[in-house]
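In what follows, a structure is listed as structure tokens, so that the remarks can point back to it.
Whatever order the structure lists ligands and atoms in, that order sets their numbers, starting from 1. On a predicted model such as this, the values are computed, not experimentally measured, just so you know.
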Amino acid sequence: MKALTELVLASHNAGKLKELQAMLGDAVRVRSVAEFSTVEPEETGLSFVENAILKARHAARISGLPALADDSGLAVDALGGAPGIYSARYAGGLGDAANNAKLLEALRDVPDAERGAQFVCALALVRHADDPLPILCEGLWHGRILFEARGAGGFGYDPLFWVPECDCASAELPAAEKNRLSHRARAMVQLKQRLGLA
Ligand SMILES: O=c1nc[nH]c2c1ncn2[C@H]1C[C@H](O)[C@@H](COP(=O)(O)OP(=O)(O)OP(=O)(O)O)O1
Ligand SMILES: [Mg+2]
């Protein structure tokens with residue numbers, strides 16, 4: 001594929017945008033989808049990959065540029081993989097604090113050994129809105145759900161996600177450390193390889 005010099009990041013999540021930008025470095029010029037529209041596409045897919053493709057196509061369509069989207073979420077073992085693709089909407093679209101409170105309540109009686117979970121990230125890059133061959137990369141990050149929030153970094157479910165390899169919550173990690181270990185980091189390593197940016 002033609003060398004990529006500029007792309008639109010198809011996300012309205014400030015935390016995610018910051019991480020994706022840091023991981024991409026200055027190899028490509030990054031534009032925000034908010035420059036073109038504040039209307040978010042409905043995430044109607046049944047998988048992370050489908051939603052990532054849908055968001056990337058939407059951004060490519062309104063910007064006329066190649067677009068990279070991230071669809072991600074938290075899959076909790078004791079909840080059969082919920083909230084999964086519905087992570088952002090888990091508490092009815094009321095935001096991170098409400099989502100975290102609902103998750104703690106759902107797991108109130110679940111013992112530590114059964115609180116396994118994974119963050120999932122699907123990245124989709126389309127060269128144009130109707131690209132028949134999107135570049136797709138996925139990453140997982142295994143951890144556990146804490147009994148109470150810890151740390152002030154990151155975003156979303158980070159204060160509830162225990163990272164065994166660091167012995168701390170994801171929200172307690174320095175940004176650079178999270179960006180080295182996370183589901184998003186793992187997907188991004190693959191994407192950069194595919195794009196010849198690594
Ligand atoms: O590293 C993470 N640390 C903590 N929480 C995270 C992470 N990665 C995803 N998450 C959570 C946040 C949100 O509840 C859902 C993503 O939902 P997702 O639809 O992909 O993103 P979003 O609606 O916030 O922004 P957008 O769709 O515009 O990219 O998973
Ligand atoms: Mg979303």
Side-chain angles (χ1 to χ4, degrees), residues 7-23 30 32-59 62-63 67-76 79 81-104 106 117-125 137-146 149-163 166 168-188:
L7 59 76
V8 173
L9 281 185
S11 175
H12 295 273
N13 179 317
K16 227 192 233 187
L17 284 168
K18 204 168 158 196
E19 293 183 7
L20 290 168
Q21 253 155 16
M23 292 176 203
V30 173
S32 161
V33 69
E35 277 180 51
F36 303 95
S37 169
T38 53
V39 181
E40 298 187 35
E42 224 190 309
E43 297 181 23
T44 52
L46 289 178
S47 62
F48 293 101
V49 166
E50 287 167 282
N51 283 336
I53 294 175
L54 181 150
K55 288 188 275 191
R57 288 200 195 290
H58 173 80
I62 61 176
S63 68
L68 173 64
D70 164 313
D71 198 62
S72 45
L74 182 66
V76 179
L79 302 178
I85 59 165
Y86 305 106
S87 294
R89 301 165 261 175
Y90 187 43
L94 296 176
D96 292 342
N99 288 339
N100 285 354
K102 180 168 174 178
L103 181 61
L104 281 180
Q118 33 279 315
F119 271 128
V120 181
C121 173
L123 294 176
L125 189 140
C137 300
E138 292 169 75
L140 293 182
W141 195 19
H142 297 281
R144 275 183 198 206
I145 304 304
L146 288 159
R150 285 178 58 154
F155 66 96
Y157 296 93
D158 281 332
L160 296 183
F161 190 75
W162 179 254
V163 182
C166 303
C168 72
S170 173
E172 294 176 303
L173 288 174
E177 192 66 0
K178 184 185 170 196
N179 287 347
R180 204 173 58 79
L181 297 170
S182 76
H183 50 314
R184 187 162 296 106
R186 285 170 208 210
M188 185 58 88

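With hydrogens left out, the protein atom closest to atom 19 (O) of ligand 1 is Glu43 OE1, 3.0 Å, a heavy atom. Of the protein's non-hydrogen atoms, Asn13 ND2, 2.8 Å is the one closest to atom 24 (O) of ligand 1. Here the heavy atom of the protein found nearest to atom 11 (C) of ligand 1 is Tyr157 CD1, 3.8 Å. Residue, atom and distance of the protein heavy atom nearest to atom 8 (N) of ligand 1 are Arg184 NH2, 2.9 Å.
Those atoms of ligand 1 that come under 4.0 Å of a heavy atom in Lys55, given as number and element, are 18 (P), 19 (O), 20 (O), 26 (P), 27 (O), 29 (O). Taking a cut-off of under 4.0 Å to the non-hydrogen atoms of Asp158, the atoms of ligand 1 that pass are 2 (C), 3 (N), 4 (C). When each atom of ligand 1 is checked for a heavy atom of Lys16 under 4.0 Å away, the hits are 18 (P), 20 (O), 21 (O), 22 (P), 25 (O), 26 (P), 27 (O), 29 (O). Ligand 1 places these atoms under 4.0 Å from at least one heavy atom of Asp70: 20 (O), 29 (O). Close approach to Ser87 involves these atoms of ligand 1, each under 4.0 Å from a residue heavy atom: 14 (O), 15 (C), 30 (O). Counting the atoms of ligand 1 from 1 in the order shown, those under 4.0 Å from a heavy atom of Gly156 are 4 (C), 5 (N). Against a heavy-atom cut-off of under 4.0 Å, Lys178 is close to the following atoms of ligand 1: 1 (O), 2 (C), 3 (N). Within ligand 1, the atoms closer than 4.0 Å to a non-hydrogen atom of His12 are 26 (P), 28 (O), numbered from 1 in the order shown.
The shortest N or O to N or O distance between Asp71 and ligand 1 is below 3.5 Å. Remark: ligand 1 and Asn99 share no N or O pair separated by less than 3.5 Å (distance only, no angle test).
A salt bridge between Arg180 and Glu177 is present, with a side-chain N of the basic residue lying under 4.0 Å from a carboxylate O of the acidic one. Note on Lys178 versus Asp158: salt bridge recorded, some NZ/NE/NH1/NH2 to OD/OE distance being below 4.0 Å.
Taken from CD1 in Ile85 to CG in Leu74, the straight-line distance is 13.5 Å, to the nearest 0.5 Å. Atom CG of residue Asn179 and atom CZ of residue Arg184 lie 8.5 Å apart, to the nearest 0.5 angstrom. The structure places CE of Met188 at 5.0 Å from CG of Leu20, a figure rounded to the nearest 0.5 Å.
For the residue pair Tyr90 and Pro83, the shortest heavy atom distance occurs at CD1-CB, 3.5 Å.
Heavy atoms from both the backbone and the side chain of Phe155 come within less than 4.0 Å of ligand 1.
Put simply, the side chain of Ser182 reaches to within 4.5 Å of the side chain of Met23, judged on heavy atoms. By the 4.5 Å heavy-atom criterion applied to side chains, Phe155 and Lys16 are counted as neighbours.
In Glu35, the CD atom is crowded: over 12 heavy atoms of neighbouring residues, nucleotides or ligands sit closer than 6.0 Å.
A donor-acceptor contact shorter than 3.5 Å is absent between the side chain of His142 and the backbone of Val163. Side-chain N or O atoms of Asp96 include one that pairs as donor or acceptor with a backbone N or O of Gly156 at under 3.5 Å. In this structure a side-chain-to-backbone donor-acceptor pair under 3.5 Å is present from Asn99 to Ala91.
Between the side chains of Asn13 and Ser11, no donor-acceptor pair of N or O atoms lies under 3.5 Å.
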Under the criterion side chain to side chain contact (heavy atoms under 4.5 Å, CB included), I'd like the reasoning laid out for Leu104 against Leu160: C-alpha separation, chi angles, the key distance, then a yes or no.
CA-CA 8 Å; Leu104 281 180; Leu160 296 183; 3.8 Å; yes
If you apply the rule side chain to side chain contact (heavy atoms under 4.5 Å, CB included), what do you find for Leu9 with Leu7, and how did you get there?
CA-CA 7 Å; Leu9 281 185; Leu7 59 76; 4.0 Å; yes
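When the options Ala171, Ala91, Pro159, Ser72 are ranked by their closest heavy atom to atom 9 (C) of ligand 1, first place goes to Ser72.
For the pair His183 and ligand 1, a heavy-atom separation below 4.0 Å is found. Contact annotation: Gly73 has at least one heavy atom less than 4.0 Å from an atom of ligand 1.
Excluding waters, the count of protein N/O/S atoms less than 2.8 Å from the Mg ion (ligand 2) comes to 1.
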